[in-house]
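Shown next, in structure tokens, is the structure this report addresses.
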Amino acid sequence: MLTLKFIQENRAEVIEKLKVKNFDASAIVDQILQKDEERKQTQQNQDNILSQINSISKEIGILFKSGKADEANAAKEQTTHLKEEVKELSQNLALIETDLQKLLVQIPNIPHASVPPGKGEEDNVEIKSGGTIPELHENAKPHWELTKDFDIIDFELGVKITGAGFPVYKGKGARLQRALINFFLDENIKAGFSEIMPPLVVNEASGFGTGQLPDKEGQMYHVGVDNLYLIPTAEVPVTNIYRDVILQAKDFPVKNTAYSACFRREAGSYGKDVRGLNRLHQFDKVEIVALEHPEKSYAMLDKMVAHVETLIQKLGLPYRILRLCGGDISFTSALTYDFEVFSAAQDKWLEVSSVSNFESYQANRLKLRFKEDGQKKTQLAHTLNGSALALPRIVAAILENYQTPDGIKIPDVLVDYCGFDYIK
RNA sequence: GGAGAAAUGGCCGAGUGGUUGAAGGCGCACGCUUGGAAAGCGUGUAUACUAUGUGAAAUGGUAUCGGGGGUUCGAAUCCCUUUUUCUCCGCCA
């Protein structure tokens with residue numbers, strides 16, 4: 001979330017810039033500013049009274065020590081009405097603070113100046129493309145037929161065991177999966193990210209820290225008995241490593257990568273692009289997460305985008321990079337680049353990565369701060385993350401684009417990881 | 001799952017109702033000392049909100065001793081609750 005201070009000092013700018021995200025912040029910003037005034041007033045009153053009580057208490061202590069019990073007992077009575085006042089004020093203050101919090105959480109992150117205006121995905125701006133779209137043979141098939149023909153991914157079996165959207169990877173299909181995970185992790189490590197194996201379930205505080213809670217609650221699987229959530233992305237546990245942490249400026253950049261299974265309920269998205277591997281409830285993804293100094297976070301974003309691009313290039317897939325418009329960018333992001341690969345048999349672009357700079361929006365929720373050398377003041381760090389990469393659609397594109405009349409050719413970089421060069 | 005013990009600052013560790021944001025030590029920073037270093041000496045060393053205020057600073061108030069709640073004029077200290085850790089028992093990949 002945005003900091004109160006920022007909203008106070010940049011009221012007009014906040015409202016103006018959020019228009020790019022098609023969000024009218026004016027009413028809510030005013031409510032926030034008003035609530036905060038209330039909060040300050042109430043807290044000042046409370047602090048004053050507490051201060052009085054504290055000093056009376058000290059006196060009482062001294063009186064008792066010097067044997068003046070009578071005077072001490074008399075002093076006690078002074079505090080009774082003060083205590084009542086404090087009780088009321090603190091209850092009030094708690095209410096005001098929850099209200100304020102609820103309001104603050106409703107304001108999306110400010111989009112970066114380069115975010116194009118727009119309503120939806122049709123307004124995203126293509127900034128780069130690469131690779132060549134293959135010419136497929138006559139009998140080319142979409143991946144959901146290929147997976148069946150070669151018996152490498154079994155969707156029906158997943159339905160039996162769990163439900164729709166939980167495929168079972170078999171034989172070379174499973175092996176390809178593992179190969180991709182290892183390939184991505186190794187490449188990320190070479191690019192300076194250090195590997196993390198995080199928990200796959202997180203608590204409420206972590207869900208809040210990265211912005212999934214409270215608003216996207218319905219998108220996560222919830223383990224009710226223990227009040228835990230299955231992670232929708234490794235971003236959640238990995239970024240939360242740094243919740244309530246104060247770094248030194250010299251610690252930057254912090255770069256982590258993690259493979260995890262990801263779980264998404266995808267409530268409300270049935271019926272649209274859900275065939276085969278296009279949209280799953282459980283899928284594998286390798287994530288990169290970076291923490292950076294505010295002055296350097298956009299340079300880091302560029303590096304991350306360039307790195308993700310090399311992964312796709314090494315796999316030999318046709319791709320394009322989009323700068324998301326205000327209508328398509330996420331609530332918490334300031335600037336996002338999406339990567340899409342072209343899946344030839346479906347004749348369709350599939351999103352395989354989303355690389356974002358959240359600036360201090362997540363950091364504020366996380367209380368992730370840093371200190372400049374020798375400075376006492378803390379500042380919020382910037383957080384960034386991206387997929388590098390999400391597997392299912394990469395697999396879909398590999399299967400479709402690399403299919404030949406003789407079977408599916410494995411991209412060169414994966415052959416050693418797979419231990420085979422064709423799926424026949 | 002059952003029984004017991006514990007949780008204090010960057011770390012170790014004292015502290016069972018009264019000027020305790022918290023002894024002492026370590027670490028760290030700065031200064032003195034030195035040809036330089038070590039040792040020694042001195043000073044400093046949490047976070048948030050807030051008031052006054054500044055070029056920067058500084059000073060005051062409030063809160064925080066795992067989390068939440070309570071008792072009390074006053075809580076690190078007493079009570080309740082919750083989480084985590086350790087030990088023992090049970091179960092188990």
Side-chain angles (χ1 to χ4, degrees), chain A residues 1-9 32-105 197-209 213 223-229 237 240-251 254 261 360 362-381:
Chain A
M1 60 194 174
L2 300 178
T3 64
L4 198 54
K5 205 177 171 193
F6 184 83
I7 297 172
Q8 278 165 349
E9 289 169 0
I32 286 171
L33 298 181
Q34 196 195 326
K35 269 289 170 208
D36 187 49
E37 276 312 308
E38 249 182 90
R39 188 195 113 249
K40 277 188 197 169
Q41 273 303 324
T42 314
Q43 190 171 55
Q44 275 174 41
N45 290 341
Q46 186 190 261
D47 285 355
N48 279 334
I49 296 172
L50 283 174
S51 170
Q52 290 178 46
I53 293 177
N54 284 344
S55 62
I56 293 172
S57 296
K58 276 181 191 172
E59 283 169 29
I60 291 175
I62 293 165
L63 289 172
F64 271 124
K65 269 196 173 167
S66 51
K68 298 172 185 166
D70 290 350
E71 285 179 49
N73 284 319
K76 280 189 191 179
E77 287 173 23
Q78 292 177 43
T79 63
T80 37
H81 76 279
L82 291 175
K83 284 184 75 180
E84 281 165 25
E85 278 182 63
V86 161
K87 197 172 179 184
E88 199 182 320
L89 284 169
S90 72
Q91 283 171 353
N92 234 322
L93 187 61
L95 286 177
I96 293 169
E97 279 175 346
T98 349
D99 286 352
L100 190 55
Q101 184 74 2
K102 277 184 193 160
L103 290 169
L104 279 170
V105 159
M197 278 193 107
L200 304 182
V201 244
V202 295
N203 57 29
E204 231 174 316
S206 295
F208 180 82
L213 295 175
V223 185
V225 267
D226 296 304
N227 194 26
L228 297 172
Y229 294 86
N240 271 282
I241 291 172
Y242 304 95
R243 172 152 48 86
D244 286 318
V245 166
I246 300 176
L247 297 164
Q248 298 297 317
K250 64 176 162 48
D251 297 331
V254 175
S360 60
Q362 281 184 335
N364 189 32
R365 288 178 158 228
L366 292 161
K367 295 198 175 67
L368 163 53
R369 292 159 292 173
F370 73 97
K371 283 184 191 177
E372 296 283 4
D373 277 353
Q375 292 266 317
K376 276 188 93 169
K377 270 258 169 232
T378 60
Q379 309 176 50
L380 293 170

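Note that the structure is predicted; figures quoted are calculated from it, not measured. Protein chains get the first letters and strands the later ones, always in sequence-line order, with residue 1 at the start of each.
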- Separation of B:C73 C1' from A:E85 CD (nearest whole Å): 16 Å
- For A:F208 and A:R365, work out which heavy atoms get closest and say how close. O-NH1, 2.7 Å
- Please check if the side chain of A:T80 supplies one atom and the backbone of A:K76 the other of a donor-acceptor pair under 3.5 Å. no
- Looking only at atom P, what distance separates B:A7 and B:C26, rounded to whole Å? 24 Å
- Query: What integer number of Å spans the P atoms of B:U85 and B:C80?
  - Reply: 23 Å
- Task: Could you work out which one of B:C73, B:U62, B:U19 sits closest to the side chain of A:L50?
- Result: B:U62
- Task: Decide if atom CD of A:E88 counts as having more than 12 heavy atoms of other residues, nucleotides or ligands within a radius under 6.0 Å.
- Result: no
- Task: Take atom C1' in B:G21 and the same atom in B:G44, then report the distance between them in whole Å.
- Result: 15 Å
- Task: Return no unless some side-chain N or O of A:N54 is found under 4.0 Å from OP1 or OP2 of B:C73.
- Result: no
- Message: Please find the pair of heavy atoms, one from A:R369 and one from A:T378, that lie closest to each other, and give the distance.
- Response: CD-OG1, 3.8 Å
- Message: If you assign each of A:G61 and A:I53 to its closest nucleotide in RNA chain B, which residue comes earlier from the 5' end?
- Response: A:G61
- Task: Round to a whole Å and report the spacing from NZ of A:K250 to C1' of B:C28.
- Result: 11 Å
- Item | Rounded distance (Å) that lies between atom C1' of B:U84 and atom CG of A:N203 | 12 Å
- Which pair of non-hydrogen atoms, one from A:E85 and one from A:I49, has the smallest distance, and what is that distance? OE1-CD1, 3.2 Å
- Query: Do A:F6 and A:N364 have side-chain heavy atoms sitting under 4.5 Å apart?
  - Reply: no
- Item | Closest contact, heavy atoms only, A:I96 versus A:E38 | CD1-OE1, 3.6 Å
- Task: Indicate whether any N or O donor in one side chain lies under 3.5 Å from an N or O acceptor in the other, for A:S206 and A:N203.
- Result: yes
- Query: On a whole-Å scale, what distance lies between the P atoms belonging to B:C12 and B:G31?
  - Reply: 30 Å
- Task: Using a 4.0 Å heavy-atom cut-off, write out nucleotides 44-60 of chain B from 5' to 3' as B (base contacted by protein), S (sugar-phosphate only) or - (no contact).
- Result: --SSSSSS---------
- Task: Using a cut-off of strictly less than 4.0 Å, decide whether A:S51 has a side-chain nitrogen or oxygen near OP1 or OP2 of B:U62.
- Result: yes
- B:U47 to B:A38 separation - C1' atoms, rounded to the nearest Å: 35 Å
- Contact class for A:I60 vs. all strands (heavy atom < 4.0 Å): base, sugar-phosphate, or nothing? base
- Item | Separation of atom CG in A:L228 from atom P in B:U83, rounded to whole Å | 12 Å
- Evaluate whether atom CD of A:E372 has more than 12 neighbouring non-hydrogen atoms of other residues, nucleotides or ligands under 6.0 angstrom away. yes
- Is there a donor-acceptor pair closer than 3.5 Å between any side-chain N or O of A:D251 and the backbone N or O of A:Q248? yes
- Item | Atom pair distance, as rounded to whole Å: CG in A:L93 and P in B:G61 | 20 Å
- Query: When the nearest nucleotide of RNA chain B is assigned to A:F64 and to A:T79 on a heavy-atom basis, which residue is associated with the more 5' position?
  - Reply: A:F64
- Query: Considering only the C1' atoms, how many Å lie between B:U71 and B:G10, rounded to the nearest integer?
  - Reply: 35 Å
- Atom CD of A:Q52 to atom P of B:A63: distance rounded to whole Å? 13 Å
- Interatomic distance at C1', B:C49 relative to B:G55, whole Å: 25 Å
- Query: Taking CD from A:Q248 and P from B:C28, how many angstroms apart are they, rounded to a whole number?
  - Reply: 14 Å
- Distance, rounded to the nearest Å, where A:H81 contributes NE2 and B:C73 contributes C1': 13 Å
- Task: Over all heavy atoms of both residues, which pair between A:A75 and A:I60 is shortest? Give the atoms and the distance, please.
- Result: CB-CG1, 3.7 Å
- Task: Tell me the stems RNA chain B sits in, counting at least three consecutive Watson-Crick or G-U wobble pairs, each under 3.5 Å on both distances.
- Result: B:1-7 with B:83-89, B:10-12 with B:24-26, B:27-32 with B:40-45, B:46-52 with B:58-64, B:66-70 with B:78-82
- Item | Same-atom distance (C1') from B:C92 to B:U81, integer angstrom | 30 Å
